[in-house]
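Down below is the structure, laid out as structure tokens.
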Protein chains: 2
Amino acid sequence: MIAENILKQYNAQLTQVKKGQVLFNEGDKANYFFQIQTGSVKMVSYSDEGQEFIQGIFGDAESFGEPALLGDFVYPSAAMALKPTSLWRLPKDRFFDLLKENFDIHLALDKALCNRLKYKNLVLSEISFHDPEHRLNTLFKYLKESLLSKNELVLSHHIELPFTRQQLADMSGMRVETAIRTIKRMEEEGKLFIKEGKIHV
Amino acid sequence: MIAENILKQYNAQLTQVKKGQVLFNEGDKANYFFQIQTGSVKMVSYSDEGQEFIQGIFGDAESFGEPALLGDFVYPSAAMALKPTSLWRLPKDRFFDLLKENFDIHLALDKALCNRLKYKNLVLSEISFHDPEHRLNTLFKYLKESLLSKNELVLSHHIELPFTRQQLADMSGMRVETAIRTIKRMEEEGKLFIKEGKIHV
DNA sequence: TACGGTTTATGATTGCGCGCATAAACAAAG
DNA sequence: CTTTGTTTATGCGCGCAATCATAAACCGTA
């Protein structure tokens, strides 16, 4: 996360996008650094049959899409707003200026990238080793931690997952029906509970 | 890749490891930056039943294990030499000095990290969308490109993949038998050829 | 409050990769 | 040359998740 005063200093523009709006598509050239002010964005890969795999979901104060910028390749997946979102857009060359002149920010960015790598390692080994229940369990643990770290104030030790069954399935490489069935079973086994359709872990 | 004179300048040590030697285990604290001089290293996650998932294979002049260093977390997977290997070891704090004082190197490191992310995105969507043949096909294409880019001199447009069926299976999340059967079928279909057991694509 | 779209839910069927067993081919080491 | 370990190869049966179909529940909104 880069402080807003720094972003402004390097000519970042604040723009508003609607729910469902596409920010870029797979194969597009990367020209901007994006950081969310408020809202939520998903990055997704699509199969030829239209199936989705959610590479990541990003929320308030998080940036996304930097790999294509830093690695100098076209976007390997698309980005779409999950709700009305306001985000900072910083042109590529100014972004590189910013990194060059702010070692601490550069390092913080690396940290974020490395955490993303760690997450992908996790999902990869889960998908290749384990059954749906184990995969969802691990995903839930990860999501819980990551949601807690963003939100200092927690009233209960339980937390509501703000994702649909479809999204959870698309993050862990399974079909909706499998996710639904597995989550139901986990509820029966007391491994989570469902309140008004929402999953609590 | 960091030039050797720079590495020396920051007190990197050159060490030799034997085939099969473990450089660090999952859960170990990250204290060093590693860069291979010559040889080859794999990073692997293990399931409780001892199944392997190969997170990456690194060769001459490549570094590995930086995410744990930069992200400040314990290694999420282990590293093991695949052959006799000589490698540079640079203590953590000196590594950070190096980055701070060499923006171009820092950026090159980012580029490598981003390429790794791109690779993981690829494997993830392959594993969750496609059948073994498609997965191997994509993996082969990727490996071929990456081998070619390392080796300027190419005699034929075909290339021999220096990996066992087991390793290829462990990179694409399938069982050896499935990899073997699929590769055989791909040979029959003329999608690759096998010479002395080695796969050529 | 009626309506279209999304999300959750559940049943029936099937195909494909896993897991296990066995063995041949090959390489490395003594 | 023999031995031991690794890699490739192939058959067989099972189980589980994908797939297809259908419907209920829920939600925003016109």
Side-chain angles (χ1 to χ4, degrees), chain A residues 18-20 40 42 47-54 57 80-84 125-137 139 160-188 192-200, chain B residues 18-20 42 47-54 80-84 125-137 139 160-188 192-200:
Chain A
K18 289 181 261 189
K19 175 178 173 172
S40 163
K42 70 173 174 183
S47 77
D48 346 303
E49 294 94 38
Q51 248 239 78
E52 263 188 47
F53 184 86
I54 298 184
I57 292 187
M80 178 190 283
L82 288 172
K83 51 172 101 161
S125 45
E126 279 296 323
I127 289 186
S128 77
F129 294 147
H130 298 296
D131 55 69
E133 172 156 342
H134 196 288
R135 278 147 79 171
L136 286 176
N137 228 332
L139 180 63
E160 180 182 311
L161 295 181
F163 302 104
T164 65
R165 314 283 193 276
Q166 180 71 66
Q167 287 173 332
L168 295 168
D170 289 346
M171 286 187 249
S172 53
M174 61 185 78
R175 309 291 156 247
V176 213
E177 301 94 320
T178 307
I180 289 173
R181 281 187 253 258
T182 307
I183 289 166
K184 272 247 142 171
R185 185 153 25 83
M186 289 168 81
E187 190 199 14
E188 285 157 18
L192 53 81
F193 67 96
I194 299 173
K195 207 170 132 187
E196 288 150 21
K198 295 289 169 191
I199 299 159
H200 294 248
Chain B
K18 290 181 258 185
K19 175 177 174 172
K42 70 172 173 184
S47 76
D48 345 303
E49 294 94 39
Q51 248 241 78
E52 262 188 46
F53 185 86
I54 297 184
M80 178 190 282
L82 288 171
K83 51 172 98 160
S125 45
E126 279 297 322
I127 288 185
S128 78
F129 294 147
H130 298 298
D131 54 68
E133 171 157 344
H134 197 286
R135 278 146 79 172
L136 286 176
N137 228 332
L139 180 64
E160 180 182 313
L161 296 181
F163 302 103
T164 66
R165 313 283 193 273
Q166 181 70 66
Q167 289 173 331
L168 295 168
D170 290 345
M171 285 188 248
S172 54
M174 62 184 78
R175 310 290 155 245
V176 213
E177 301 94 320
T178 306
I180 289 173
R181 281 188 253 257
T182 308
I183 289 166
K184 271 249 142 170
R185 186 154 24 83
M186 289 167 80
E187 190 198 16
E188 284 159 16
L192 53 81
F193 67 95
I194 298 172
K195 206 169 135 188
E196 288 150 22
K198 296 287 169 194
I199 300 159
H200 293 249

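So that the names make sense, note that chain A is the first sequence line, chain B the second, and so on, each numbered from 1.
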Close side-chain approach of [X] to [Y], heavy-atom, < 4.5 Å:
X	Y	result
A:Gln167	A:Leu82	yes
B:Lys42	B:Asp170	no
B:Asp48	A:His130	yes
B:Leu136	B:Leu192	no
A:Gln51	A:Arg175	yes

Identify which nucleotide among D:dA9, C:dT10, C:dT8 has an atom closest to any side-chain atom of A:Thr164, counting heavy atoms from C-beta outward.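 Between D:dA9, C:dT10, C:dT8, the one nearest the side chain of A:Thr164 would be C:dT8.
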
Between C:dT10, C:dT7, D:dA9, spot the one nearest the side chain of B:Arg165, thanks.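 Side chain of B:Arg165 sits closest to D:dA9.
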
Below 4.0 angstrom from OP1 or OP2 of C:dT10, is there any side-chain N or O of A:Lys184?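 For A:Lys184, the contact criterion (side-chain N or O under 4.0 Å from OP1 or OP2 of C:dT10) is met.
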
Modelled atom types, side-chain donor and acceptor of B:Glu133 and B:Asn137, under 3.5 Å: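 Their side chains do not contain a donor-acceptor pair, so the 3.5 Å distance test is not met.
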
Ring-plane angle category for B:Phe193 and B:His200, please: parallel below 30°, perpendicular beyond 60°, tilted otherwise.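 Plane angle under 30°, so parallel.
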
Check the distance between [N]'s [atom2] and [X]'s [atom1] and give it to me in whole angstrom.
X	N	atom1	atom2	value
B:Lys18	C:dA29	NZ	C1'	16 Å
A:Lys198	C:dT7	NZ	C1'	9 Å
B:Glu187	D:dA9	CD	P	8 Å
A:Lys83	C:dT6	NZ	P	18 Å
B:Leu161	D:dT7	CG	C1'	16 Å
A:Leu168	C:dT8	CG	C1'	13 Å
B:Lys19	C:dA29	NZ	C1'	12 Å
A:Ile180	C:dG11	CD1	P	13 Å

Distances for protein N or O near nucleotides 12-18 of chain D N or O, under 3.5 Å:
{"residue": "D:dA18", "atom": "OP2", "partner": "A:Arg175", "partner atom": "N", "Å": "3.4"}
{"residue": "D:dA18", "atom": "OP2", "partner": "A:Thr178", "partner atom": "OG1", "Å": "2.4"}

At 4.0 Å (heavy atoms only), tell me whether A:Glu177 reaches a base, stays on the sugar-phosphate, or touches nothing.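 The residue A:Glu177 makes base contact.
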
